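Worksheet for the structure shown next.
Starting from 1, each residue takes its place in the sequence as its number. Values below: all heavy atoms of this structure, side chains included; hydrogens, waters and symmetry mates excluded. Note that this is a predicted model, so its numbers are computed, not measured.
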Amino acid sequence: MHVRWHRSTRVPIHAAAAFPAAVAVIVAACDSRELVGPPARSLAPRQAVSAAVDLGTVLLRPPASSSGTDVSRITDQTLFALPESTWVMVHVTGAIDGSANPGCATLPPNYPCPYGPITTSGFDANYPWDGGPASLHAWGGTWDVLPLRGTGGATLGGAVSAVGLRFQRAAGSLYGRPALIASANNNPSGSPTDVASWLLSGAYQVDVKLLPTPMEITAVPLDDSLGTVRYTVSTVEDLKFINPYSVGWWEPAGMIRWSFVVGDSVSSNPYSGGWTWTLSHCDGMRTCDWAPPRQGRMQVAGYVEARDARARGDYVITPGGFSLTCDATVTRGDSIRCEAKATPKPPKVSSWTFVTGDGADTVRRAGALTDSLTWSGIMATGGTVAVTATVKHQPVTRSAAIQVRSRGWTFERNAQHEYREGTGETCLHATPQINYPHGLNDHRLKPVG
């Protein structure tokens with residue numbers, strides 16, 4: 001694994017990928033991490049929201065007259081005010097339908113009503129673009145199209161469903177209109193003219209939500225001796241990892257890049273910068289298995305709906321490589337030794353327990369040796385040993401399974417006496433005795449009968 005130190009800046013990730021030679025790599029002895037000083041950078045954008053916020057719903061309706069003139073003159077209407085430094089997710093659903101205008105039946109045969117499509121072509125299901133039955137724009141210092149991706153009809157009776165994503169850098173507004181096609185007769189010699197081919201009805205519903213980031217990171221500890229955590233990145237709701245056309249076709253969807261932001265008080269804002277470790281062994285993957293050696297937050301960068309996005313996970317208090325080792329398999333009656341370890345400092349142990357394999361009995365270590373780093377004893381039955389310790393101010397538990405092999409000889413468990421042929425002597429029978437203070441499971445032998 002190659003890990004590099006660098007100061008996080010908001011640079012388009014495809015730019016970094018295109019110029020790898022511009023990154024100097026210093027390898028010294030056994031430490032392959034590169035310490036890079038913080039370059040000059042502009043002020044990182046702050047987040048307007050820390051959780052998803054629904055702005056509301058607006059309907060985009062066709063002109064009431066349905067006339068060709070009114071349809072051709074339809075303009076954008078103001079939908080919502082947008083705050084600065086926030087992600088805007090838009091969903092467009094619904095349908096604008098049309099029924100044939102009865103007035104067309106009385107027109108002169110030379111100037112009939114043309115029955116063309118009601119709206120522009122449908123949305124592309126694989127890539128966000130600026131066509132489709134609904135047209136959205138946003139103002140935030142510049143006038144930008146908000147591309148939509150989705151599926152659905154575009155003509156008579158066609159329902160639409162689309163999603164769009166935008167990062168609103170400066171405060172502004174969202175605008176929209178239905179993308180309709182004027183369809184009416186044209187009589188250059190006089191009346192009647194501009195008779196609508198379709199009587200339009202229905203509407204497109206626009207739902208807008210503000211997001212702190214379009215991606216989410218989840219973490220699941222793998223409970224191994226190294227403190228490895230499985231991090232998974234996913235998109236919010238029905239957004240998708242889609243690369244812009246400027247990224248090579250061979251790159252995986254989203255072009256995911258992982259890093260870990262180190263510090264005792266790292267902000268949840270993925271655009272706030274910080275000292276980071278680049279985890280190149282996880283690049284391009286939706287999951288990353290890694291044992292954080294220090295406190296901080298996992299960070300991911302990638303493309304969502306062809307937009308350069310970032311996200312940070314929950315704050316990590318690392319277990320510091322806390323581990324428990326025991327003899328995995330022993331013979332009944334043999335002694336075993338379990339030891340708790342942590343790096344760089346020994347752990348502060350608070351409890352030891354042993355649970356039998358069938359879950360029927362639990363042994364808890366008590367007394368002055370509770371905080372010992374080791375626990376030894378004679379084993380009579382298999383089970384699980386667990387130790388809890390405080391590592392970097394966090395309680396962490398590790399466990400180890402132990403299997404106990406039979407000695408290779410048997411006896412009648414409930415028999416009271418057994419006489420060897422020709423001797424008449426009583427044999428010794430074993431009865432398990434739990435909670436003796438001398439070990440994990442001090443199963444002593446006692447005579448029966």
Side-chain angles (χ1 to χ4, degrees), residues 7-16 38-58 60 75-92 127-132 134-149 162-177 179 204 206-216 235-237 239-247 254-255 257 261 266-274 299-312:
R7 184 74 171 178
S8 175
T9 56
R10 181 167 172 76
V11 178
I13 54 179
H14 64 268
R41 61 185 180 89
S42 59
L43 183 63
R46 54 186 178 82
Q47 290 176 296
V49 295
S50 58
V53 176
D54 287 316
L55 283 189
T57 298
V58 173
L60 302 180
T75 59
D76 287 312
Q77 64 184 85
T78 303
L79 306 182
F80 296 99
L82 302 177
E84 65 175 341
S85 301
T86 189
W87 285 95
V88 181
M89 180 174 64
V90 177
H91 284 96
V92 179
Y127 196 85
W129 71 304
D130 57 0
S135 178
L136 299 180
H137 298 78
W139 171 261
T142 58
W143 182 255
D144 300 314
V145 173
L146 199 163
L148 298 170
R149 175 191 58 80
V163 63
L165 181 69
R166 165 185 172 81
F167 185 75
Q168 186 74 16
R169 297 185 179 276
S173 297
L174 179 67
Y175 305 86
R177 59 180 174 84
Y204 295 137
V206 180
D207 297 282
V208 180
K209 183 179 291 186
L210 303 181
L211 303 173
T213 174
M215 298 186 291
E216 296 176 329
T235 58
V236 174
E237 297 188 16
L239 298 174
K240 286 186 177 182
F241 288 112
I242 298 176
N243 296 338
Y245 287 133
S246 58
V247 173
M255 197 176 168
R257 297 293 183 266
V261 187
V266 177
S267 170
S268 61
N269 182 357
Y271 303 99
S272 62
Q299 177 168 298
V300 66
Y303 289 110
V304 179
E305 302 293 342
R307 303 281 186 168
D308 183 8
R310 292 187 182 186
R312 279 185 184 175

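- Listed by chain and residue number, nothing satisfies the salt bridge (charged side-chain N to carboxylate O under 4.0 Å, His left out) test with Arg307 (two or more places apart in sequence, or in another chain).
- Heavy-atom minimum distance, Phe241 versus Met215: CE2-SD, 3.6 Å.
- In this structure, the side chains of Leu211 and Val88 stay at 4.5 Å or more apart for every pair of heavy atoms.
- With hydrogens and angles ignored, the 3.5 Å screen pairs no side-chain donor or acceptor of Glu237 with any backbone N or O of Leu239.
- To the nearest 0.5 Å, atoms OG1 (Thr235) and CD (Glu216) are separated by 8.5 Å.
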request  = Apply side chain to side chain contact (heavy atoms under 4.5 Å, CB included) to Leu174 and Val90, showing your working.
outcome  = CA-CA 10 Å; Leu174 179 67; Val90 177; 4.1 Å; yes
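- Side-chain atoms of Lys209 and Val53, non-hydrogen and from C-beta on, never get closer than 4.5 Å to each other.
- Gly132 and Ala179 get closest at one heavy-atom pair: O-CB, 3.3 Å.
- Atom CG of Asp308 is separated from atom OH of Tyr303 by 5.0 Å, given to the nearest 0.5 angstrom.
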query = Run the side chain to side chain contact (heavy atoms under 4.5 Å, CB included) check on Val163 and Met89 step by step: do they pass?
reply = CA-CA 7 Å; Val163 63; Met89 180 174 64; 4.3 Å; yes
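- Scanning both residues, Leu148 and Ala162, for their nearest heavy atoms gives CB-CB, 4.1 Å.
- At a cut-off of 3.5 Å, with distance as the only test, no side-chain donor of Ser267 or Asn269 sits close to an acceptor on the other residue.
- In terms of the ring-ring contact (aromatic ring centres under 6.0 Å, His included) criterion, residue partners of Tyr175 (sequence neighbours excluded) are, by chain and number, Trp143.
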ask   = side chain to side chain contact (heavy atoms under 4.5 Å, CB included) between Leu210 and Trp87: does it pass, once the steps are laid out?
value = CA-CA 6 Å; Leu210 303 181; Trp87 285 95; over 6 Å; no
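- One side chain, Ser272 or Arg312, offers a donor N or O that lies under 3.5 Å from an acceptor on the other.
- Ionic pairing of Glu305 and Arg166 is not present here: no N-O contact between side-chain nitrogen and carboxylate oxygen is shorter than 4.0 angstrom.
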task = Before giving the answer on side chain to side chain contact (heavy atoms under 4.5 Å, CB included), spell out for Val92 and Leu136 the whole-Å C-alpha distance, their side-chain angles and the decisive distance to 0.1 Å.
result = CA-CA 10 Å; Val92 179; Leu136 299 180; 4.1 Å; yes
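- A donor-acceptor pair under 3.5 Å is absent between the side-chain atoms of Asp130 and the main chain of Val145, judged by distance alone.
- In plain terms, the two heavy atoms of Leu165 and Leu146 that are nearest each other are N-CD2, 3.8 Å.
- In this structure, Phe80 and Val58 approach most closely via the heavy-atom pair CZ-CG2, 3.5 Å.
- Residues Val304 and Pro214 come closest through the heavy atom pair CG1-CB, 4.1 Å.
- For the atom pair Phe167 CZ and Thr86 OG1, the distance stands at 7.0 Å (nearest 0.5 Å).
- Leu79 CG to Ser173 OG: the interatomic distance, rounded to the nearest 0.5 Å, is 9.0 Å.
- Side-chain contact between His137 and Asp76 is present, with heavy atoms from C-beta onward closer than 4.5 Å.
- Considering OG of Ser135 and OH of Tyr204, their distance stands at 11.5 Å, rounded to 0.5 Å.
- Between the side chain of Tyr271 and the main chain of Arg310, a donor-acceptor pair closer than 3.5 Å is present.
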